[in-house]
Protein chains: 2
Amino acid sequence: MKQKVTLKQIAKELDVSISTVSKALKDSVEISLDTRQKVKAFAKLYNYKPNNIALSLKNRKTKTIGVIIPEIVHHFFTTVIGGVEKVANEKGYNVIICSSNNSFDKEVINMEMLASGSADGFILSVAKETQLKKDYHHIQETMNQGMPVVMFDRIIDEIVCDKVIIDDTKGAQMATNHLLSLGCRRIAILTTVDYISVGKLRTNGYLNALRSYDIVHDDSLILKIEDIDHCEEEIEEFLKDKDIDAVFAVNELFAVNAIKVLRNSGKNVPEEVRVVGFTDGILAKHFIPSLTVISQHGEEMGERAATILIDKLEGSDDLTEEYKTVIIDTSLVERQSTKK
Amino acid sequence: MKQKVTLKQIAKELDVSISTVSKALKDSVEISLDTRQKVKAFAKLYNYKPNNIALSLKNRKTKTIGVIIPEIVHHFFTTVIGGVEKVANEKGYNVIICSSNNSFDKEVINMEMLASGSADGFILSVAKETQLKKDYHHIQETMNQGMPVVMFDRIIDEIVCDKVIIDDTKGAQMATNHLLSLGCRRIAILTTVDYISVGKLRTNGYLNALRSYDIVHDDSLILKIEDIDHCEEEIEEFLKDKDIDAVFAVNELFAVNAIKVLRNSGKNVPEEVRVVGFTDGILAKHFIPSLTVISQHGEEMGERAATILIDKLEGSDDLTEEYKTVIIDTSLVERQSTKK
DNA sequence: TATCCACACGCAAACGTTTTCGTAGCGAAT
DNA sequence: ATTCGCTACGAAAACGTTTGCGTGTGGATA
């Protein structure tokens, strides 16, 4: 079990100095062709690879970007990560992924851990608890230390940094409009509690759409789900005997459960009740009926976020004080759940 | 935008030596109480955090474990990662996740990248291409450099290392037995091509189960799907006019598509055809009918893998030459797709 | 023969830590 | 007055790199 070979060892074997080895490997003209070849042959033989840690220390950068997300077992977030990985790898960056599990404390710990040398910058979607607590000191601090942060999806308005989001309001509006254009008039919405930023925005979009059709919204058609793990019960209770012709759900799971409940109560989707969801995930594609949804283009979000971050990391330090908010287009993916 | 504060800076400010600061922060008795307090106050004020990179370099370990998986947008793998993260964080380890995207080259690149200083050990599920190519030099090499590797799920028999797997054969057998015990006799299997290790094993399990019931298997009931992206077409073609009373699918997607195709051809699941899948993911839980599946207990796999790896990392270097293969129990989760 | 210039290479600092060992200063004991 | 022993601290090496600069060797030139 031979250990990793270092410059020092190569130098010793070949009876030259460390610097000579280093330069030879870089094909420096300072070193004679002869020596260069010898060193390179030796290095290849022993499978020399420069030690990243040492390089990081020397260069004061790690070529690593830290991604912190609320949940790892979550289709949307993993697609975003896919996008991040893609451009990161193209540009020679590593990606460290940590999940906060929606816990504020874990988010702080992860962030501080990565901030103290492991990553050059962050791509972040904040935990539910953080949004609730409104304590953002960890984010502020890492930014103060000069590390760029790009937030996506679950962002924080009060923090000034680069952001990549979708227009949740507009997306929800698009979804609701679609239902309205199909003739639906009694549209229920299954959404989250208000402190979830995206939930609130989507609710707003729903209300906007109704307003644009001069429909007065009916509070009894709005369900704000608290506990996603027991959403089915909540939805069942809510939908019972409700006179509706459509449902807009702010995520896949709500949509699927709505369909389930509706079907159990004898209502067919899409014939009697149309359903639109949010997030184009596995369920949306494979459920029967397949779901009409607003797609968030997660991979593109990841790509954009990574691009912005890397640009900032490699940019000329100075004019970095400009922050932009990129809004990714959403699109309506029509499937069976709203077909005539 | 103040930069991160280092020992050196604190030392300078307080007009003491670097070593004094370091010791003071560690509450060394060598340092007077007075100085200790002064240093600590200063450090807290400036939010001093030791630089991980420097520590890694000094200690020759990174306290980071590298996870390489074939796909990041994949429910099973993310649950495994969840498990890994859980125990890693408990034990003060960081987790770097890289996806190989089922590409051999990317697997090699990621592995070498992480091996050169970024991680102390690996948790690995190999890419499809790697299994096909049978080129394992990168894994061998990192092991030769003294870095422990734990493989899970998609493992390589030829490589001697710790492994965490399920008994795919047994799981498939359990699934098939379940169908047999319900009275099904013409059971089709939707599986993968043979070079996918888990696919082959599951196929074997299916055959074993049939054999134990003295049923001669019928090759025309076996479909080895090549291209997962177009599995629906393949399944449709395969299932057309086939006289069967059950389907065993080696993953969720195949199962769901089978149900879809069956339903389109007028056959009801579970009434006329029973279906069992593999992997207890989102689709299995929420599809209608919900899927009876073999659960692989991904989180537990991750936890076990991480535990083994960390034990090896912190173990007394010497007796590390023992490798174990942990077999995680599978379980049958009965749902609607096989209900009477 | 003395001077000069390439050439080819080595020295040393730096990145931020930790830790071993050395030592200045000082009060007390002989 | 000398030595001892303690307290409180500093110097330096080490981890593995990169790189600016210094330098010895040799041949060519004057």
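For clarity, every value in this text was computed on a predicted model and none was experimentally measured. Reckoned from all heavy atoms, side chains included, excluding hydrogens, waters and symmetry mates. Each chain gets a letter, A, B and so on, in the order the sequences are listed, and its residues count up from 1.
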| said: What is the distance, to the nearest angstrom, from the CG atom on A:L57 to the P atom on D:dT17? | reply: 12 Å
| field | Side-chain N,O (B:K26) to OP1/OP2 (C:dT18) below 4.0 Å | value | yes
| field | Whole-Å distance separating the CG atom of A:L55 from the C1' atom of C:dC15 | value | 11 Å
| Hey, is B:D120 close enough to B:K63 for a salt bridge, meaning N to O under 4.0 Å? | no
| query | Taking NZ, NE, NH1 and NH2 as the nitrogens, is one of them in B:E85 or A:K106 under 4.0 Å from a carboxylate oxygen of the other? | reply | yes
| note | Per atom distances to the A:R60 side chain, the nearest of C:dG10, C:dG22, C:dC15 is C:dC15
| task | Round to the nearest Å and state the distance from B:L25 atom CG to C:dG16 atom C1'. | result | 13 Å
| remark: From CG of B:N52 across to P of C:dT18 the rounded distance in Å is 11 Å
| When the distance from CD1 of B:I53 to P of D:dA14 is rounded to whole Å, what number comes out? | 22 Å
| Between C:dC9 and A:T35, is there an OP1 or OP2 to side-chain N/O distance shorter than 4.0 Å? | yes
| Is B:S22 touching bases, backbone alone, or none of the nucleic acid, heavy atoms closer than 4.0 Å? | base
| request: To the nearest Å, give me how far apart CG (B:L14) and C1' (D:dA8) are. | output: 15 Å
| message | Can you tell whether the side chains of A:E141 and B:K4 come within less than 4.0 Å, N to carboxylate O? | response | no
| query | To the nearest 0.5 Å, what is the distance between CG (B:L309) and CZ (B:R304)? | reply | 14.0 Å
| request: Can you check whether any acceptor in the base of D:dG10 is under 3.5 Å from a donor in the side chain of B:K23, or vice versa? | output: yes
| task | Respond yes when some side-chain nitrogen or oxygen of A:S32 is under 4.0 Å from OP1 or OP2 of C:dA8, and no when none is. | result | no
| message | With a 4.0 Å cutoff (strictly under), does any side-chain N or O of A:K61 reach OP1 or OP2 of C:dC15? | response | no
| task | Provide, to the nearest angstrom, the distance between the NZ atom belonging to B:K8 and the C1' atom belonging to D:dA11. | result | 14 Å
| First of A:E30 and A:A54 reached from the 5' end of DNA chain C, by closest nucleotide | A:E30
| Any A:T20 side-chain N or O less than 4.0 Å from OP1/OP2 of C:dC9 | no
| request: Rounded to the nearest 0.5 Å, what's the gap from SG on B:C98 to CD1 on B:I109? Could you check? | output: 11.0 Å
| task | Would you mind telling me which residue lines up with the more 5' stretch of DNA chain D, B:I31 or A:K58, judged by nearest nucleotide? | result | B:I31
| request: Return the nearest nucleotide to the side chain of B:S19; candidates are C:dC9, D:dG16, D:dG10. | output: D:dG10
| message | Just the rounded figure in Å: distance from P of C:dG16 to CG of A:N59. | response | 12 Å
| request: Tell me which of B:N51 and A:V16 sits closer to the 5' end of DNA chain C, going by the nucleotide each one is nearest to. | output: A:V16
